[in-house]
Amino acid sequence: MSASEAARQRVEALRREIEYHNFRYYVLDQPVISDAEYDALMAELQALEAAYPELVTPDSPTQRVGAPPAQAFAAVRHEAAMLSLDNAFTEQEVRDFDRRVRDRLEVETVEYTAEPKLDGLAVSLLYEHGRLALGATRGDGFVGEDVTANVKTIRAIPLRLRGSDWPERFEVRGEVFMPLEGFRKLNAWALEHGEKAFANPRNAAAGSLRQLDPGVTAKRPLEFYAYGVGFFPKQRLPETQAGLLACFKEWGLPVARELKVVSGVEGCLEYYRDLLARRPSLPFEADGVVYKVNRLAWQERLGYTARAPRWAIAHKFPPHEVTTVVEAVEVQVGRTGILTPVAKLKPVPVGGVVVSSATLHNFEEVKRKDVRVGDTVIVRRAGDVIPEVVKVIPEKRPLAARPVEPPTRCPVCGAEAVADPGGALIRCSGGLYCPAQLKAALKHFASRRALDIEGLGEKLIDQLLEKGLVKDVADLYSLRPEQLAELERMGAKSAQNLIQALEGSKSTTLARFLFALGIREVGEVTAQILAEHFGSLEKLMAADESELEQVPGIGPVVAKHIAAFFRQPHNLNVIERLRRAGVHWQTPQAEPRPLVGKTFVFTGALTAMTRDQAKARVEALGARVSESVSRATDYLVVGAAPGAKLDKARRLGVTIIDEQEFLTLLHQFEAPGRG
DNA sequence: GATCCTCGAGTTCT
DNA sequence: CTCGAGGATC
């Protein structure tokens with residue numbers, strides 16, 4: 001046997017092995033080797049092909065990234081039109097669909113396949129003699145674009161099929177999509193490299209597949225699943241849709257893992273509810289469920305309307321992104337006087353809750369997005385929680401829509417509104433004379449992270465201010481039960497509880513007290529630093545600007561705000577009265593602080609305690625807790641379902657510990673001297 | 001002077 | 001979560 005014959009055999013064996021592992025990974029979801037081992041196989045194949053170029057074939061796994069960039073994609077006419085599906089938005093619409101199917105077929109119950117509808121890009125793949133010959137986008141359903149070079153880079157798509165019982169020529173229809181993990185990583189990478197992030201996985205998948213340079217597509221975490229056929233020799237079709245998909249799997253084409261055969265419309269709806277409940281934990285973005293009549297002969301009898309098959313329907317999930325109308329733009333006044341524009345929206349359900357307002361952050365942002373009253377806008381819940389105006393739909397702008405002008409006066413107290421040095425923010429200059437600022441200051445003072453006065457909420461603060469019972473934070477401690485009894489929804493018991501909570505709040509820490517005062521630019525972290533550095537309120541109050549600037553983390557701006565705060569007679573008066581009312585704290589005593597200088601970051605959910613508790617415990621040992629991972633981070637503590645911080649930590653080589661190791665570490669340092 | 005980290009502040013709905 | 005900007009660092 002010649003050397004090149006041995007090489008030829010080895011090359012073929014390597015290709016089969018790589019294809020087998022793709023099959024295990026993408027089709028069976030049961031990989032049997034590590035990524036590193038897979039990479040080693042690829043490396044060996046590449047080396048051999050480099051040494052024996054005559055052995056390279058177009059369907060070798062090394063040839064996934066091929067052809068130089070074209071100028072544009074060629075048009076491809078689909079042999080069978082790629083129709084879209086009809087949509088159902090309610091259970092009733094699904095029942096109607098089932099009724100139409102049963103009426104036409106004249107049967108009692110129909111079996112359906114049910115599978116998630118992923119938010120990606122529909123493609124058609126033509127296989128000839130078991131080899132991928134053409135990949136095309138859906139386009140308008142009749143003519144798409146030739147994206148063969150790009151789909152070849154997707155490892156989930158086999159370049160040659162397994163086995164041999166496939167038709168000589170047939171067309172697979174399926175969806176190219178980007179799993180959420182890959183999407184997040186791609187966006188994190190884009191942001192780090194100063195590039196624009198994709199708005200959602202769908203856009204990312206579409207943008208990646210439509211790259212002129214397949215080399216770019218190859219780097220994108222795209223996947224694929226098959227859900228149907230275009231051209232297919234009729235005599236070779238199995239009896240059912242599920243049977244067809246089973247064949248696909250055998251041939252090495254991935255199908256949806258969640259695919260299920262269900263009985264009747266009730267089976268469909270049960271499947272839908274189950275998947276909807278699991279939606280937040282799915283590894284991909286699903287926009288609904290697709291039901292198809294399982295029996296292919298019945299599909300044929302049902303046929304097509306002009307637009308869509310009669311034997312399938314897409315049952316949509318409530319959308320995360322939705323359009324609505326801006327009815328007004330209100331201006332809110334924050335604790336520090338910052339004027340924040342808030343869009344009042346025509347109430348609309350977004351991802352399960354009804355949203356009626358969304359922050360616009362600041363007036364620069366309003367200008368940038370050009371949001372006007374009367375505009376139709378796209379709204380989504382950022383991080384699936386906080387509503388956000390994504391953008392205006394300019395085509396739907398009514399002629400009467402008027403631009404939003406930044407206010408020149410505070411809408412609450414009428415004081416002059418002045419631009420912050422940075423320019424983006426506008427502030428009310430009324431200070432604590434502005435009722436809105438005073439109210440926010442009281443709320444802040446009572447908040448959990450400040451003096452933690454339980455039961456003193458917004459409604460109560462409103463009443464206290466209205467009745468003139470409270471004019472500043474110190475007045476809170478002069479409240480008497482009989483005064484409280486006059487208020488609405490305030491019985492003897494509630495009044496007693498509030499007095500109790502006020503009493504309890506008097507025992508605090510210097511850091512909390514400083515934070516509660518609401519000094520500009522002094523948040524929780526800075527308050528902690530000041531408390532540690534100065535040790536007592538007296539020393540801090542005696543410090544001048546230059547002394548303050550010596551403290552790490554305090555610069556000229558913050559120093560100025562602190563010094564100015566303690567020069568205000570009003571503030572000195574409030575502090576004096578608070579202390580006389582009995583607000584006090586322990587002088588922090590020197591405890592063993594074994595973790596001084598260490599920085600911790602948490603990601604994911606902990607089980608044994610909340611993140612706040614974990615934070616308090618490591619801080620008690622002298623460590624610092626930060627929100628984001630950087631080179632300065634010493635430990636990343638990883639809980640369940642970690643976020644992007646984990647990737648960053650890996651990249652930076654930060655020590656990563658799990659919850660168990662974290663607990664061990666705590667015990668190790670906490671145990672001695674404390675029992 | 002530019003760049004990278006952090007921090008502060010404000011935010012929705014149940 | 002998001003934006004803006006203060007502080008540290010080179």
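Throughout, a chain's letter reflects where its sequence line sits, starting with A, and its residues are numbered from 1.
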Residues that A:Lys316 engages under salt bridge (Lys or Arg N to Asp or Glu O under 4.0 Å), provided they are two or more places apart: A:Asp287

Nucleotide-resolved protein contact map, nucleotides 1-6 of chain B, B/S/- at heavy-atom distance under 4.0 Å: ----SS

Candidates B:dG8, B:dT11, B:dA9 - which lies nearest the side chain of A:Arg335: B:dA9

For atom CZ of A:Arg520 and atom C1' of C:dG6, their distance in whole Å: 12 Å

Salt bridge (Lys or Arg N to Asp or Glu O under 4.0 Å) pairs, two or more places apart, involving residues 515-529 of chain A: A:Arg449-A:Glu524

May I have the list of side-chain donor-acceptor pairs in residues 553-574 of chain A shorter than 3.5 Å, sequence neighbours left out?
| unit_1 | atom_1 | unit_2 | atom_2 | d |
| --- | --- | --- | --- | --- |
| A:Asn571 | ND2 | A:Phe565 | O | 2.9 |
| A:Asn573 | OD1 | A:Arg577 | NH1 | 2.9 |

Nucleic acid contacts of residues 556-567 of chain A, taken as heavy-atom distances under 4.0 Å to DNA chain C: A:Pro556, A:Val557, A:Val558

Where at least one partner belongs to residues 594-618 of chain A, residue pairs that pass ring-ring contact (aromatic ring centres under 6.0 Å, His included), sequence neighbours excluded: A:Phe600-A:Tyr635, A:Phe602-A:Phe662

Salt bridge (Lys or Arg N to Asp or Glu O under 4.0 Å) pairs, two or more places apart, involving residues 505-514 of chain A: A:Glu503-A:Lys506

For DNA chain C, the residues among residues 448-457 of chain A that have a non-hydrogen atom under 4.0 Å from it: none

side-chain N/O A:Thr526 vs B:dG8 OP1/OP2, d < 4.0 Å: yes

With a cut-off of 3.5 Å and sequence neighbours excluded, list every side-chain donor-acceptor pair involving residues 324-342 of chain A.
| unit_1 | atom_1 | unit_2 | atom_2 | d |
| --- | --- | --- | --- | --- |
| A:Thr324 | OG1 | A:Lys346 | O | 2.7 |
| A:Thr336 | OG1 | A:Arg427 | NH1 | 3.1 |

Nearest-neighbour nucleotide for the A:Asn362 side chain, C:dC3, B:dC13, B:dA9 considered: C:dC3

5' precedence on DNA chain B between A:Ser357 and A:Ile338 (nearest-nucleotide basis): A:Ile338

Any donor-acceptor pair under 3.5 Å from A:Asp370 side chain to A:Lys367 backbone: no

Nucleotide of C:dT2, B:dT11, B:dG8 approaching A:Glu521 most closely (side-chain heavy atoms): B:dG8

Pair listing, ring-ring contact (aromatic ring centres under 6.0 Å, His included) test, anchored in residues 353-375 of chain A, at least two apart: none

Donor-acceptor pairs under 3.5 angstrom involving side-chain atoms of residues 433-444 of chain A: please list them, not counting sequence neighbours.
| unit_1 | atom_1 | unit_2 | atom_2 | d |
| --- | --- | --- | --- | --- |
| A:Gln437 | NE2 | A:Cys428 | O | 3.4 |
| A:Lys439 | NZ | A:Glu458 | OE2 | 3.2 |
| A:Lys439 | NZ | A:Asp462 | OD1 | 3.2 |
| A:Lys443 | NZ | A:Glu458 | OE1 | 3.2 |
| A:His444 | NE2 | A:Phe515 | O | 2.8 |

Within 6.0 Å of CD in A:Glu454, more than 12 heavy atoms from elsewhere: no

Set of residues satisfying salt bridge (Lys or Arg N to Asp or Glu O under 4.0 Å) with respect to A:Glu405, sequence neighbours excluded: none

